2 protein chains.
Amino acid sequence: MKKAHVDGQLCIGPTFTKAEFSLIKKNLSDQKGLDSLADLLAVSGNRQRLKIIYLLHAHKEMCVCDLAECLEMKTSAVSQHLRKLKDKNIVRSRREKQTIYYSLVPNVFTSNLRDILTAEETKEPHSFMYKEITQ
Amino acid sequence: MKKAHVDGQLCIGPTFTKAEFSLIKKNLSDQKGLDSLADLLAVSGNRQRLKIIYLLHAHKEMCVCDLAECLEMKTSAVSQHLRKLKDKNIVRSRREKQTIYYSLVPNVFTSNLRDILTAEETKEPHSFMYKEITQ
DNA sequence: TATATATTTTAGAATGTGCTAATATAAGGA
DNA sequence: TCCTTATATTAGCACATTCTAAAATATATA
């Protein structure tokens with residue numbers, strides 16, 4: 001089984017053949033959802049935005065200035081975070097008079113997030129995340 | 001039910017009382033795992049790093065230059081991504097001669113990621129992420 | 001209409017991230 | 001030992017992100 005030289009760099013370790021690399025690369029580029037998933041994770045993976053997600057998870061819906069008060073942030077900053085969450089279909093909004101209420105969109109991604117948040121609640125810090133599965 | 005003025009800003013919409021805000025803020029700061037979870041999501045929420053996670057999910061273990069070849073990146077860049085993933089206990093490494101093999105750490109977080117990646121595989125792009133749950 | 005409340009948008013500054021190129025470290029083999 | 005391979009580290013640049021402050025927009029009410 002002949003090993004493939006990596007393009008610019010030298011690397012002839014105990015790896016894959018050129019044909020195998022081609023297959024792996026093809027399969028990788030076929031996973032069209034990966035980039036979208038990365039974007040969803042990135043938008044959720046901000047401390048303030050995850051707190052927003054948590055608050056909406058815990059309170060069903062909240063307006064911008066409620067969130068600003070809870071997070072001790074300017075409404076302007078909260079609004080910018082909410083726009084990013086809305087762009088990724090993580091939250092939605094409804095208007096009632098001047099007030100705009102935000103809530104989590106019930107989709108597969110937020111449902112996974114809710115599961116993680118529920119499991120995390122009332123637990124020791126980090127216990128959920130870092131506990132290794134030994135099987 | 002008297003409404004609370006939000007600190008610097010004016011906001012007396014149909015929101016919570018000061019006492020309720022206190023409780024919500026206290027509960028929020030009690031959720032010690034939120035920041036760690038945000039950090040995990042942020043590290044996973046990078047397109048190249050998620051591809052690394054996907055490749056390790058699909059191939060059990062790979063060395064740095066295998067990953068570099070598949071991702072068409074410099075080994076240096078891959079190595080920097082791997083360090084971030086290792087810092088968050090998402091991947092681990094083992095040495096065999098000069099070669100260092102990386103694999104996913106089997107913990108609750110990576111197990112959730114694997115579930116999402118498995119569900120995403122063989123599906124239409126975006127179908128998994130954006131399909132709304134109507135119940 | 002004028003004024004107040006609620007939210008959004010924008011510009012700009014500070015900070016963070018991800019890459020390249022160069023260098024360093026580590027292990028194997030001549 | 002010297003040279004090659006494999007990986008890691010560092011500095012520095014380009015670009016992205018997040019905040020503040022100010023202005024804009026939208027709605028409600030006197």
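The structure displayed is predicted, hence computed values, not measured ones. Lettering of chains follows the sequences in order, A, B, ..., and the numbering in each one begins at 1.
At a cut-off of 3.5 Å, with distance as the only test, no side-chain donor of A:S36 or A:D39 sits close to an acceptor on the other residue. Residues A:D115 and A:T118 bring no donor and acceptor atom of their side chains to less than 3.5 Å of each other.
Distance, B:K86 NZ to D:dA8 P: 7 Å, rounded to whole Å. Regarding B:E72, its CD atom lies at a distance of 17 Å from the C1' atom of C:dT20, rounded to whole Å. Straight-line distance from the CZ atom of B:R94 to the P atom of C:dA27: 15 Å, rounded to whole Å. When the C1' atom of D:dA8 is taken as reference, atom CG of B:L67 falls 15 Å away, rounded to whole Å. With rounding to whole Å, B:L85 atom CG is found 13 Å from C:dG18 atom C1'. If you measure from atom CD1 of B:I100 to atom C1' of C:dG28, you get 14 Å, rounded to the nearest angstrom. The CG-P distance, from A:D87 to C:dT9, rounds to 9 Å in whole Å. In this structure, the CE atom of B:M62 is 11 Å from the P atom of D:dT7, given to the nearest Å.
Side-chain atoms of A:L55 and A:D66, non-hydrogen and from C-beta on, never get closer than 4.5 Å to each other.
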Item to check | Evaluation steps, salt bridge (charged side-chain N to carboxylate O under 4.0 Å, His left out), between A:D87 and A:R83 | outcome: CA-CA 6 Å; A:D87 284 348; A:R83 186 176 44 176; 5.3 Å; no
Checklist entry - Please walk me through it: do B:K51 and A:Q31 pass side chain to side chain contact (heavy atoms under 4.5 Å, CB included)? => result CA-CA 9 Å; B:K51 281 177 196 144; A:Q31 304 303 319; over 6 Å; no
Next on the checklist: Does B:Y54 form a side chain to side chain donor-acceptor pair (under 3.5 Å) with A:N27? I'd like the steps, not just the answer.
Outcome noted: CA-CA 11 Å; B:Y54 174 78; A:N27 177 54; 2.9 Å; yes
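Remark: A:R83 is not in phosphate contact with C:dT8, judged by side-chain N or O atoms under 4.0 Å from OP1 or OP2. Phosphate proximity of C:dT8 to A:Y102: present, with a side-chain N or O under 4.0 Å from OP1 or OP2. Considering only side-chain N and O atoms, A:H81 lies under 4.0 angstrom from the phosphate OP1 or OP2 of D:dC19.
In secondary-structure terms, DNA chain C builds stems of at least 3 consecutive Watson-Crick or G-U pairs, each pair having both distances under 3.5 Å, at C:1-30 with D:1-30.
Closest heavy-atom contact between B:I52 and B:H81: CD1-CB, 3.8 Å. Summarising the geometry of B:S44 relative to B:L113, their closest heavy-atom pair is OG-CD1, 3.9 Å, with the distance given to 0.1 Å. Summarising the geometry of A:T17 relative to A:E20, their closest heavy-atom pair is N-OE1, 2.7 Å, with the distance given to 0.1 Å. Considering every non-hydrogen atom in both A:K74 and A:A68, the closest pair reads C-CB, 4.3 Å. When every heavy atom of A:M62 is checked against every heavy atom of A:L56, the shortest pair comes out as N-CD2, 3.8 Å.
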Checklist outcome for this item: Nucleotide by nucleotide, nucleotides 20-30 of chain D touches protein heavy atoms under 4.0 Å in the pattern (B base, S sugar-phosphate only, - none) BB----SBSS-
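For the segment residues 43-52 of chain B, no residue has any heavy atom less than 4.0 angstrom from an atom of DNA chain D.
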